[in-house]
Amino acid sequence: MTTQPLTIGIFDSGVGGLSVLHHIREALPAAHLIYVADSGHVPYGDKSAEYIAQRAECLTRFLLEQGADAIIIACNTATAAAAASLRAKFDVPIIGMEPAVKPAVAATRTGVVGVLATVGTLESARFAALLEKYAGNVEIVTQGCPGLVECIERGDLHSSVTWELVAKYTAPLLQKNADTLILGCTHYPFLAPLIREIAGPGITMIDTGAAVSRELKRRVEVELAHLTPVRDCAASEAFWTSGDATAAGRIISQLWHRAVIAQCLPSGNL
Ligand code: DGL
């Protein structure tokens, strides 16, 4: 029996992927989790797919060097831009995430679903294919949200600036009678309380964090079974950033609800 701890590498453009990390920790209580916030390059939402694919490859290489047995792309935008090329290049389980169109279509009672996501995600071929496959007769109203990721990166979850942006971006969806909102960017679950305050208690919000962690657990059990007898290993996390380590440590501590130190990525990965 191996004593090597199961190690999962997770990355996002910034701190949004922490909304997924919470679910991963619940699903795999004993695993070692390595999280990279690509804060030096955030936001991804307005960058080209080529740029994001390059960053995704660089961060994946770093995580594999750190011993990751599987990679979670905790970012809808990077999944759309880079999941296929990462899977072609690397021989470990690579799990991405995409807006939860299927469950939202099943949940709506008004027949209208709103999607809040980055412009990069909404304009991707992957998102178009998702709508083609699952939208059926449901009307899907999309809304790009420039500026919102930056609020969350500042740890600003409730100021008047954030409030106004959320109100501006949800208004067109609510006017169209959407009763179900897809949080199609991993940063947005941190704004769920504010979105509820603005959109009202009748709104259903759906994100993909729990589904992704279930899929990770399933694949770990099937493909990495030799690494799973780690029940006695202490659960641990390591946090890295391509941005300012002090600032990243502060925001990560706020959103992870525990005091953590973020380390700066080696210069070759910046
Ligand atoms: N958290 C990301 C996502 O899920 C990326 C946001 C951004 O950097 O624009 O799409």
Side-chain angles (χ1 to χ4, degrees), residues 9-24 35-60 71-84 86 94-101 104 114-128 130 142-157 162 165-166 169 181-192 195 205-213 215-216 239-244 247-248 251-252 254-256 270:
I10 301 113
F11 75 87
D12 177 43
S13 63
V15 293
L18 295 170
S19 69
V20 185
L21 198 69
H22 282 288
H23 292 287
I24 295 174
Y35 184 91
V36 180
D38 201 11
S39 327
H41 300 265
V42 69
Y44 280 176
D46 61 3
K47 306 239 172 16
S48 72
E50 293 71 30
Y51 185 95
I52 297 166
Q54 220 173 18
R55 289 306 302 159
E57 181 175 341
C58 172
L59 301 180
T60 300
I71 301 291
I72 300 291
I73 312 171
C75 174
N76 295 260
T77 316
T79 299
L86 291 182
I94 293 180
I95 299 167
M97 47 203 313
E98 52 196 12
V101 175
V115 187
L116 298 165
T118 68
V119 173
T121 295
L122 296 176
E123 287 182 349
S124 68
R126 204 180 164 105
F127 182 65
L130 205 58
T142 62
Q143 178 64 55
C145 306
L148 219 46
V149 160
E150 289 88 329
C151 295
I152 297 148
E153 288 294 314
R154 291 194 299 272
D156 172 4
L157 307 183
T162 310
L165 276 179
V166 170
Y169 292 141
L181 298 182
I182 297 175
L183 307 185
C185 166
T186 53
H187 282 74
Y188 304 164
F190 290 114
L191 293 177
I195 295 172
M205 284 180 273
I206 302 187
D207 72 81
T208 334
V212 163
S213 65
E215 172 64 3
L216 171 65
F239 295 92
W240 296 82
T241 178
S242 58
D244 181 276
I251 305 301
I252 293 170
Q254 177 189 339
L255 300 178
W256 185 242
L270 294 175

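Order of appearance sets the numbers: ligands from 1, and atoms from 1 within every ligand. Predicted model, so just to flag it, every value in this text is computed and none were measured.
- Of the heavy atoms in Thr186, both backbone and side-chain atoms come closer than 4.0 Å to ligand 1.
- The shortest N or O to N or O distance between Thr118 and ligand 1 is not below 3.5 Å.
- At a threshold of 4.5 Å between non-hydrogen side-chain atoms, the residues Leu21 and Leu18 count as touching.
- Under 4.0 Å from ligand 1, the heavy atoms of Asp12 that appear belong solely to its side chain.
- Checked by distance only, ligand 1 and Cys185 stay at 3.5 Å or farther apart across all their nitrogen or oxygen atoms.
- Remark: the backbone N or O of Thr186 is paired with a side-chain donor or acceptor of Ser19 at under 3.5 angstrom.
- If you check which protein heavy atom lies closest to atom 2 (C) of ligand 1, you get Cys75 SG, 3.3 Å.
- With hydrogens left out, the protein atom closest to atom 7 (C) of ligand 1 is Tyr44 N, 3.3 Å, a heavy atom.
- Ring pair Tyr51/His41 is tilted by interplanar angle, where 30° to 60° counts as tilted.
- In Thr77, the parts holding a heavy atom less than 4.0 Å from any atom of ligand 1 are both the side chain and the backbone.
- At least one heavy atom of Gly45 sits under 4.0 Å from some atom of ligand 1.
- Proximity of Val149 to Cys185: side-chain heavy atoms (C-beta onward) are separated by under 4.5 Å at one or more points.
- Formation of a donor-acceptor pair under 3.5 Å by the Ser39 side chain with backbone atoms of Ser242 is not found in this model.
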